[in-house]
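Quick note: numbers below take in every heavy atom, side chains included, and nothing from hydrogens, waters or symmetry partners. Worth saying up front: this structure is predicted, and the values here are computed from it rather than measured.
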Amino acid sequence: MKKLKKINYAACWPYLAVVLFAAYLAYRQMRTGNIIIGSDTIFHFNRFYETEEQIRNGNLSWFMTLYGFNQSGRVINALYGPAFAYLNGLLLLAVRTWYRYQIITSFLVFAIGGVGMYRAVHRFKVRGSIAVLVTIIYMTIGWLPRWQSGSNFTGIGAALMPYGILVACDMFYDKEKPIHWIKLTILMTVALEVHLLTALMYMAFLVPAWLYAIVKRENKRGILLNTLKAVLLTIFLTVNTLLPLYWMSKTNNLAPTATMRMLENAVHLKHTTVAFHPFRILTHNLRASLTYWLAYAFIVQVIYAIWTREESKANVVVSLYGGFWLLLASRLVEWDRITNHLPALARFIQFPSRFVCIAYPLLIVGLGLSFEHILHHKQKWVQIAAYASLGLLTFAAADCLVITLTSNAWAGYQNNVGRSRNTKFGEETQKTSSRKEKGKKKKKAMEDYGVYHPVKLDDRRKQALVDTNAATHAHDLQAFLDMAKKAIPDYLPVYKWDPEPDVPSHLYTYKWKQYYTMENSKITAAYRKSVMNHNRNVKVKTVKHGLKLTWKAKKGKHKQQLPVITYKQSKLTVNGRVLTKYKRNRVGAPTVPEKTKGTNTAYLEFQTPFWIKLAIAVSLLGQFAAVVWGLLWRRGFFKKREEKK
């Protein structure tokens, strides 16, 4: 029998500590029995419900939604990490309830982000105890906890960012082979399949490191060749994501992402207060918030790195570079003035605070390097003071998160979601606004450039939120989605645009920003009216690779608007006749002729060319082959074959 390998406990305990802390954060929510309904929860739960139902029913549809998003037939997953959506669908199928799904995925995101951050810090030869403490700080700040509290995909991006540092380290420190093309391929493939913005943010790590390698290393031909291999293989493996995105964008006029007020979503400082009952630290360091004490810690860290620059060049590089990105993420930059001249930034970047996904991993590495340098001091009291100060910093960061997380978990929702006018819960999903209310909303939207004032969180709405949260424990996944609805315009086709602004040149870009904000509001309103608040007379049923709609004609009417979304590739058949021309509203909801007697029937399908299907299939087979090859390689299969030869 083969001898079992001895377990290196010294190497394992830091990973165990990180995983246990991730489990503790998941447990803090689990003990409340609630999920946290965040700003993106309804959107992503619809995505994953769609893939779960497709897998469960064996009714696969890469482009058209058949179960989620009110069975509207819109295209979402094909343009937003399709393979990762199906992976989440499999997990949801296994755990069977939304509550279990959020608890498990929260733990996984914390654990993956924590392990990656520990490995990145440890890669700079920081001892395990220091690396674990600074890793816990990273797990409690920025966007990483926002997956649990808000279902924001930038949280998953933050969990993946430390792995970009690991690949960048190879480019800096490996003189013989700076470009590990297999690692680089895995990194970029995972990023593109999960979150496109994460792949773009990786460039902040990889481009400077690659330029350093190409300038400093002699084997330039090898660097270029390995880079080319990584790029080509990544494109091949992610065709299933990139090709549909390009094809749909070229053949349809897709709705732009929401135009945000960037200065409001930039990092800003927050005071820390202390409550005497219970005696706990309040406020947090999530998303765009940064407490004064953590900001001071980062400032001192950067100053210390500069002061000891001769002894640790790596520290000064990562600290200054991280500080630059934190500065870029903050309100010290006049983002509103910049977006008045470059309005596209308000649509594509949206939140400058996203840059902390780049800044915080670098600053955490720098923090670890600084404390490692201090611990080399021979005097015992200096070492004790260093551990005490880092321990206090770690405790404060963890306590801030735990208090905020527990508060949201007991409530069952984020405060901004509970007060969101665009999100409906319980009985609200069955109601439509009166003409007077719609007029008030429209006027307010014009005044605030599309941002409605929050609704009152009264007892009725609180009870609706409680009932909605209770539905997350049911095995009927549709129950929660029926009780929580939000009009989301992402990737909708747009068939009507208002006239473009005709204004003096000095106001041109500002008016364009305002124009896109209002257009987005109108697209959202059109979707809400035609799909979410549609005529209940039309019944929608999922059939093989499509949707079946049935309704009975009303007296005096000869046309019916259907609560579905049509694209250029949509095939609409009404009462046995394929329609080639029909009226569509702003977002593609069709109005079709109907027969006056009996039941009307319509079928909606999505026509995908064979070459698109083939390209997606080959890409997915390539991913499967890559996973199998990786597993065999890890088990030493190829080495055994070479030894036999």
Side-chain angles (χ1 to χ4, degrees), residues 13-30 36 38 102-124 126 128-166 198 201 267 281 283-291 293-295 297-298 301 322 326 353-354 356-368 371 390-409:
W13 82 261
Y15 293 101
L16 180 61
V18 169
V19 170
L20 285 176
F21 184 67
Y24 172 70
L25 293 176
Y27 165 74
R28 293 293 300 194
Q29 179 187 351
M30 186 171 66
I36 302 173
Q102 190 176 79
I103 296 293
I104 291 170
T105 55
S106 296
F107 163 73
L108 290 175
V109 170
F110 277 123
I112 291 169
V115 168
M117 193 70 253
Y118 171 78
R119 291 188 63 190
V121 177
H122 197 58
R123 179 72 170 79
F124 286 85
V126 176
S129 56
I130 298 296
V132 167
L133 289 173
V134 296
T135 293
I136 289 174
I137 294 174
Y138 179 71
M139 294 170 69
T140 60
I141 63 176
W143 283 90
L144 180 55
R146 289 284 296 191
W147 171 254
Q148 183 179 29
S149 61
S151 301
N152 303 131
F153 247 53
T154 306
I156 297 178
L160 297 176
M161 291 309 287
Y163 297 93
I165 294 180
L166 288 170
T198 300
M201 287 193 292
V267 172
I281 300 171
T283 201
H284 57 78
N285 292 288
L286 303 184
R287 196 173 178 267
S289 299
L290 180 63
T291 54
W293 53 266
L294 186 58
F298 285 146
Q301 144 60 24
L326 183 57
S353 58
R354 280 174 167 160
V356 301
C357 293
I358 304 168
Y360 286 166
L362 293 167
L363 290 169
I364 290 297
V365 169
L367 202 63
F371 276 98
L390 182 57
L392 183 63
L393 193 66
T394 304
F395 172 78
D399 200 51
C400 282
L401 175 64
V402 169
I403 290 297
T404 304
L405 171 66
T406 305
S407 175
N408 287 335

Quick check for you: to the nearest 0.5 Å, what is the distance between Q301 atom CD and L294 atom CG? 11.5 Å
Once rounded to the nearest 0.5 Å, what's the spacing between atom CG of L20 and atom CG of L25? 11.0 Å
Verdict with supporting geometry, W293 and L392, side chain to side chain contact (heavy atoms under 4.5 Å, CB included): CA-CA 11 Å; W293 53 266; L392 183 63; over 6 Å; no
For P361 versus M161, what's the shortest heavy-atom pair and its separation? CG-CB, 4.2 Å
Quick check for you: to the nearest 0.5 Å, what is the distance between L362 atom CG and L367 atom CG? 12.5 Å
Measure the spacing between CG of L144 and CG of N285 and express it to the nearest 0.5 Å. 13.0 Å
Side-chain donor-acceptor pairs of residues 103-115 under 3.5 Å, sequence neighbours excluded:
unit_1	atom_1	unit_2	atom_2	d
T105	OG1	Y101	O	2.8
T105	OG1	Q102	O	3.3
T105	OG1	W147	NE1	3.3
S106	OG	Q102	O	2.7

Within the structure provided, determine whether M139 and M117 are in side-chain contact (heavy-atom separation under 4.5 Å). no
Sequence-distant partners of S407, side chain to side chain contact (heavy atoms under 4.5 Å, CB included), two or more places apart: none
What one should report as the nearest heavy-atom pair of T140 and A397 is OG1-CB, 3.4 Å
Rounded to the nearest 0.5 Å, how far apart are CZ of R119 and CG of L166? 5.5 Å
If we only count heavy atoms from C-beta on, is the L401 to L286 side-chain gap below 4.5 Å? yes
Taking side-chain hydrogen bond (donor to acceptor under 3.5 Å, both in side chains) as the test, write out the residues that go with R123, two or more places apart. D170
Would you say that Y360 contacts L326 through its side chain, given a criterion of any heavy-atom pair below 4.5 Å between the two side chains? yes
Heavy-atom closest pair, residues W143 and S353: NE1-O, 3.0 Å
Residue set satisfying ring pair (Phe, Tyr, Trp, His ring centres under 6.0 Å) with Y15, at least two apart, ordered chain then number -> Y118
Within the 4.5 Å heavy-atom criterion, are W13 and V132 side-chain neighbours or not? yes
Restricting to non-hydrogen atoms, name the atom on I165 and the atom on A120 that form the minimum distance, rounded to 0.1 Å. CG2-CB, 4.1 Å
Side-chain contact, heavy-atom cut-off 4.5 Å: V402 with Y24? yes
Determine yes or no for a side-chain-to-main-chain donor-acceptor pair under 3.5 angstrom, with Q148 supplying the side chain and L405 the backbone. no
Beyond-backbone contact of V121 with I364, side-chain heavy atoms, under 4.5 angstrom: yes
Residues forming a side chain to side chain contact (heavy atoms under 4.5 Å, CB included) with T394, sequence neighbours excluded: L133, I136, I137, L390
Smallest separation among heavy atoms of G142 and R146, with atom names: O-CG, 3.9 Å
Taking all non-hydrogen atoms of both residues into account, name the closest pair between A131 and V126 and its distance. N-CG1, 4.0 Å
Measure the shortest side-chain to side-chain distance between V356 and R287 over non-hydrogen atoms and say whether it is less than 4.5 angstrom. no
Can you sort out the partners of F124 under ring pair (Phe, Tyr, Trp, His ring centres under 6.0 Å), two or more places apart, ordered by chain and number? none
Side chain to side chain contact (heavy atoms under 4.5 Å, CB included) evaluation trace for V365 with Y138: CA-CA 10 Å; V365 169; Y138 179 71; over 6 Å; no
With side chains defined as the heavy atoms from C-beta onward, is the minimum distance between T154 and C357 less than 4.5 Å? yes
